[in-house]
Peer 1: 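The structure follows.
Just so you know, these numbers use all the heavy atoms, side chains as well, and skip hydrogens, waters and symmetry mates.
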Amino acid sequence: AILCLCVHHPDEAAISPQDPILRIGSSLTATCTLSPEFGLHASMLFWTLNGMRLSSSAYTVMSSDVLSVTLHNLNGSKQQSGDNLVCHGADGHVLGGSCLYVGMPPEKPVNLTCWSRNTKDLRCRWSPGGVGETHIRTKYTLKYKLRWYGREKECENYSTGKQRYTCYIPRNLALFTPYEIWVEANNQLGSATSDITTLDILDVVTTDAPANVQVSRVGDLDDQLTVRWTSPSELKDILFQAKYQIRYRLEDSTEWKVAMDDVGNQTSCRLAGLRPGTVYFVQVRCNPVGIYGSRKAGIWSDWSHPTAASTPSNERLQSGSCDPKPGEQNSTLRRELKQFFGWVRKHAYGCSGMSIKLYDQWRVWLQKSHRTRNQILQDDNS
């Protein structure tokens with residue numbers, strides 16, 4: 001951006017008006033008044049706007065020492081520091097200048113949302129109203145106060161760049177009492193205030209993403225993976241609870257599938273019904289709930305970094321066998337149930353042995369027996 005450097009040479013010429021503030025679409029007539037002792041004549045002067053020479057058809061020689069220029073239907077300033085309107089002598093040297101601030105008053109800020117990390121701080125974000133561009137420097141101030149008592153305060157830590165409509169309150173926040181929060185926008189043409197947002201810090205809590213996400217195979221089971229993770233450190237407080245979401249996608253896909261909408265307050269989960277011999281990417285995120293008895297759910301954290309793992313290959317599928325028809329599926333199910341209960345009588349003692357772990361062991365045994373049987377058939381055929 002071109003910085004506006006307002007140039008003043010009062011001994012040679014005076015520009016009027018000096019640094020005007022105008023609305024988009026306005027007209028302006030500016031004058032350059034020469035000091036008579038320098039022997040210059042107004043007809044020899046010219047004007048530039050942001051370095052571009054203005055057409056002489058916009059000039060009026062008002063006297064031997066006064067030259068005016070009229071600008072119609074002004075566009076918004078190209079930089080918030082203002083546009084440079086400069087009066088030059090015949091040889092091009094600068095006699096004087098003025099900064100033009102052309103823009104619009106701010107509109108009411110919208111979409112004010114806030115969230116807290118572990119109830120100790122608060123960060124709020126909003127959007128400028130309307131088209132958002134005022135073309136002149138506009139100051140946004142986030143203000144807050146306890147709803148029923150306390151004085152009004154201003155947030156002091158504003159972000160810049162892509163997150164410029166964001167402010168951070170790092171400390172000294174009260175719990176169990178709602179806050180009123182709003183944003184004020186001000187510039188040289190006007191001001192506007194957002195709607196007031198009322199919230200309790202406990203109702204807008206979020207955490208870091210779960211850490212140390214690990215994905216591993218379940219023995220030789222070709223359709224399952226186990227996912228384990230570490231709870232965010234904030235949840236180590238006994239007053240915090242959490243629920244988790246797990247999602248996964250195929251290696252060659254961009255579409256995520258949510259496997260568990262609410263895993264509950266635990267740190268592991270098993271994915272089933274996966275494709276054999278396939279690489280999967282898995283992510284986990286966290287939502288604190290029930291904090292200090294709050295009835296509202298917290299805010300979902302970011303997803304963890306993707307973790308990859310592959311399911312074991314299924315040799316039966318690789319051999320080119322087709323999915324069985326429904327009748328064949330029922331027959332296969334009855335046969336495998338018979339095999340399972342026969343295997344249980346042989347390997348388990350009493351009902352205490354009936355567990356998911358035992359079922360998994362049988363699945364492994366069943367797959368191995370299928371592979372052994374397929375290998376025998378292949379050897380017989382050869």
Peer 1: Taking all non-hydrogen atoms of both residues, which atom of P210 and which atom of S304 are closest, and how far apart?
Peer 2: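 Scanning both residues completely, I find the closest heavy atoms to be O-CB, 3.5 Å.
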
Peer 1: Nearest 0.5 Å, please: how far is OG1 in T31 from CG in L67?
Peer 2: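 Reported to 0.5 Å precision, the distance equals 9.0 Å.
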
Peer 1: Do you know the tightest heavy-atom contact between G96 and I15?
Peer 2: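 Shortest heavy-atom contact: C-CG1, 3.5 Å.
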
Peer 1: Give the minimum heavy-atom separation between L34 and L95, together with the two atoms involved.
Peer 2: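 Smallest interatomic distance, heavy atoms only, reads CD2-CD1, 3.7 Å.
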
Peer 1: Could you walk me through whether L271 and V215 satisfy the side-chain contact (heavy atoms from CB on, under 4.5 Å) test, starting with their C-alpha distance in whole Å, then the side-chain angles of each, then the deciding distance to 0.1 Å, before giving a yes or no?
Peer 2: CA-CA 10 Å; L271 303 178; V215 184; 5.8 Å; no

Peer 1: Are T29 and V69 packed together at the side-chain level, in the sense that at least one heavy-atom pair is separated by less than 4.5 angstrom?
Peer 2: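 No - every pair of side-chain heavy atoms lies 4.5 Å or more apart.
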
Peer 1: Indicate whether the side chain of Y244 and that of T267 have a donor and an acceptor atom separated by less than 3.5 Å.
Peer 2: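 No donor-acceptor contact under 3.5 Å links the two side chains.
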
Peer 1: Give, for atom NZ of K257 and atom CD1 of I246, the distance between the pair rounded to the nearest 0.5 Å.
Peer 2: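 The NZ atom of K257 sits 13.5 Å away from the CD1 atom of I246.
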
Peer 1: One pair to check against side-chain contact (heavy atoms from CB on, under 4.5 Å): D195 and L112. What are the steps and the verdict?
Peer 2: CA-CA 8 Å; D195 293 334; L112 174 60; over 6 Å; no

Peer 1: Does the side chain of P288 come within less than 4.5 Å of K243's, by heavy atoms?
Peer 2: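 They are not in side-chain contact.
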
Peer 1: Tell me yes or no: SG of C87 and SG of C32, less than 2.5 Å apart?
Peer 2: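 Correct, these two cysteines form a disulfide.
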
Peer 1: For Y168 and D121, does a side-chain donor sit closer than 3.5 Å to a side-chain acceptor?
Peer 2: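 Yes, side-chain donor-acceptor contact under 3.5 Å.
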
Peer 1: Distance alone, cut at 3.5 Å: any donor-acceptor contact between the side chains of N50 and N84?
Peer 2: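 No, N84 and N50 have no side-chain donor paired with an acceptor closer than 3.5 Å.
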
Peer 1: Using 0.5 Å steps for rounding, measure from the OG1 atom of T138 to the CE atom of M104.
Peer 2: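 T138 atom OG1 to M104 atom CE measures 11.0 Å (nearest 0.5 Å).
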
Peer 1: Minimum heavy-atom separation for W303 and Q245, please, with both atom names.
Peer 2: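 W303 and Q245 have their closest heavy atoms at CZ3-O, 3.5 Å.
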
Peer 1: Quick one: does any side-chain atom of S301 pair with a main-chain N or O of C286 as donor and acceptor, under 3.5 Å?
Peer 2: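 Indeed, once roles are kept as given, a pair shorter than 3.5 Å links the two residues.
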
Peer 1: In Å and rounded to the nearest 0.5 Å, what is the NE2 to OG distance from H41 to S64?
Peer 2: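 H41 NE2 to S64 OG: 5.0 Å, rounded to 0.5 Å.
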
Peer 1: In the single-linkage hydrophobic clustering (I, L, V, M, F, W, Y; side-chain heavy atoms under 4.5 Å), do F176 and I169 co-cluster?
Peer 2: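 They do share one cluster, since a chain of ILVMFWY contacts under 4.5 Å joins F176 to I169.
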
Peer 1: Please step through disulfide bond (SG atoms under 2.5 Å apart) for the pair C167 and C124, ending with a clear verdict.
Peer 2: CA-CA 6 Å; C167 196; C124 295; over 6 Å; no

Peer 1: Within the 3.5 Å criterion, strictly below it, is a donor on W182 or E184 matched to an acceptor on the partner's side chain?
Peer 2: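 The criterion, which ignores hydrogens and geometry beyond distance, is satisfied for E184 and W182.
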
Peer 1: For H305, does the NE2 atom have more than 12 heavy-atom neighbours from other residues, nucleotides or ligands under 6.0 Å away?
Peer 2: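 Open.
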
Peer 1: Between K145 and E152, does at least one N-O distance fall below 4.0 Å, as a salt bridge requires?
Peer 2: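 Answer for the salt bridge query: no.
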
Peer 1: For the backbone of P17 and the side chain of S98, can you confirm whether one donor and one acceptor N or O come within less than 3.5 Å of each other?
Peer 2: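 Indeed, once roles are kept as given, a pair shorter than 3.5 Å links the two residues.
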
Peer 1: Is the charged tip of R53 near the ring of W47: under 6.0 Å from the six-membered ring centre and within 45° of its axis?
Peer 2: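 No, a cation-pi geometry is absent between R53 and W47.
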
Peer 1: According to a hydrophobic-cluster definition based on side-chain heavy atoms being under 4.5 Å apart (Ile, Leu, Val, Met, Phe, Trp, Tyr only), do V110 and L142 belong together?
Peer 2: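 Not linked; separate clusters.
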
Peer 1: For the residue pair L173 and Y179, establish whether any side-chain heavy-atom pair is separated by less than 4.5 Å.
Peer 2: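 Yes, their side chains come closer than 4.5 Å.
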
Peer 1: Quick check on the hydrophobic clustering: are V66 and F46 connected, directly or via other members, by side-chain heavy-atom contacts under 4.5 Å?
Peer 2: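 No: no chain of side-chain contacts under 4.5 Å links V66 to F46.
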
Peer 1: Look at the side chain of D223 and the backbone N and O of L274, then say whether any donor-acceptor pair between them is shorter than 3.5 Å.
Peer 2: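 Judged by distance alone, no pair lies under 3.5 Å.
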
Peer 1: For P276, is there any backbone N or O sitting under 3.5 Å from a side-chain donor or acceptor partner on T278?
Peer 2: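 Judged by distance alone, yes, a pair lies under 3.5 Å.
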
Peer 1: Does the pair I299 and N287 meet the rule for a side-chain contact (heavy atoms from CB on, under 4.5 Å), with working shown?
Peer 2: CA-CA 6 Å; I299 298 173; N287 188 334; 5.8 Å; no

Peer 1: Once you round to the nearest 0.5 Å, how far does OG of S26 lie from CG of L74?
Peer 2: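 The distance works out to 6.5 Å.
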
Peer 1: If hydrophobic clusters are built from ILVMFWY residues whose side chains come within less than 4.5 Å, do Y149 and I196 share one?
Peer 2: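 They do not share one cluster, since no chain of ILVMFWY contacts under 4.5 Å joins Y149 to I196.
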
Peer 1: How far apart are the closest heavy atoms of S43 and V61, and which atoms are they?
Peer 2: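 Answer, listing the atom of S43 first, then V61: CA-CG2, 4.1 Å.
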
Peer 1: I'd like to know if R217 pairs up with D222 as an ion pair, taking the criterion as any Lys NZ or Arg NE/NH1/NH2 lying under 4.0 Å from an Asp or Glu carboxylate oxygen.
Peer 2: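 Looking at D222 together with R217, the answer is no, because their closest N to O distance does not fall below 4.0 Å.
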
Peer 1: Nearest 0.5 Å, what's the OH-CZ distance between Y144 and R151?
Peer 2: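 It comes to 8.5 Å.
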
Peer 1: Assess the pair F281 and W256: is the distance between their ring centroids shorter than 6.0 Å?
Peer 2: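 No: the rings miss the under 6.0 Å criterion.
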
Peer 1: Any donor and acceptor pair, going by atom type alone, linking the side chain of T141 with main-chain N or O of K139 inside 3.5 Å?
Peer 2: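 Side chain of T141 to backbone of K139, a donor-acceptor pair under 3.5 Å: no, none is there.
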
Peer 1: Could you check whether R249 pairs with E255 (Lys NZ or Arg NE/NH1/NH2 to Asp/Glu carboxylate O, under 4.0 Å)?
Peer 2: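 The answer is no: the pair does not qualify as a salt bridge.
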
Peer 1: Evaluate the criterion side-chain contact (heavy atoms from CB on, under 4.5 Å) for residue pair R270 and V218; output intermediate values, then yes/no.
Peer 2: CA-CA 9 Å; R270 184 175 296 184; V218 183; 3.8 Å; yes

Peer 1: Decide if atom CD of E156 counts as having more than 12 heavy atoms of other residues, nucleotides or ligands within a radius under 6.0 Å.
Peer 2: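 Open.
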
Peer 1: Got M62 and T33 here, is their nearest side-chain heavy-atom distance under 4.5 Å?
Peer 2: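 Side chain of M62 against side chain of T33, heavy atoms only: no contact under 4.5 Å found.
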
Peer 1: Can you find a pair of side-chain heavy atoms, one from L100 and one from L49, that are under 4.5 Å apart?
Peer 2: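 Counting from C-beta outward, L100 and L49 do come under 4.5 Å.
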
Peer 1: Do I21 and N187 have side chains that approach each other closer than 4.5 Å (heavy atoms only, starting at C-beta)?
Peer 2: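 A side-chain contact is absent here, since even the closest heavy-atom pair is not under 4.5 Å.
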
Peer 1: Please answer whether the main-chain N or O of S159 pairs with a side-chain N or O of T166 as donor and acceptor at a distance below 3.5 Å.
Peer 2: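 Not confirmed, T166 side chain does not pair with S159 backbone.
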
Peer 1: Same cluster for L146 and V204 if Ile/Leu/Val/Met/Phe/Trp/Tyr side chains link at under 4.5 Å?
Peer 2: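 L146 clusters together with V204.
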
Peer 1: Can you name the nearest heavy-atom pair linking N75 to I24, along with the distance?
Peer 2: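 Answer, listing the atom of N75 first, then I24: C-CG1, 4.4 Å.
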
Peer 1: Can a donor-acceptor pair be found, under 3.5 Å and without considering hydrogens, that links the side chain of S77 to the backbone of V102?
Peer 2: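 At least one qualifying donor-acceptor pair exists.
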
Peer 1: Is there a donor-acceptor pair under 3.5 Å between the side chain of T177 and the backbone N or O of A174?
Peer 2: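 Between the backbone of A174 and the side chain of T177 there is no qualifying donor-acceptor contact (under 3.5 Å).
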
Peer 1: Report the relative orientation of the aromatic rings in Y158 and W126; use parallel for angles under 30°, tilted for 30 to 60°, perpendicular for over 60°.
Peer 2: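 Correct class here is perpendicular.
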
Peer 1: Find out whether R275 and L250 are in side-chain contact, i.e. whether some heavy atom of one side chain is under 4.5 Å from a heavy atom of the other.
Peer 2: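 In short, these two side chains touch, coming nearer than 4.5 Å.
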
Peer 1: Do Y101 and H135 come within less than 4.5 Å of each other through their side chains, counting heavy atoms only?
Peer 2: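 The answer is no, as the side chains (C-beta and beyond) never meet within the 4.5 Å cut-off.
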
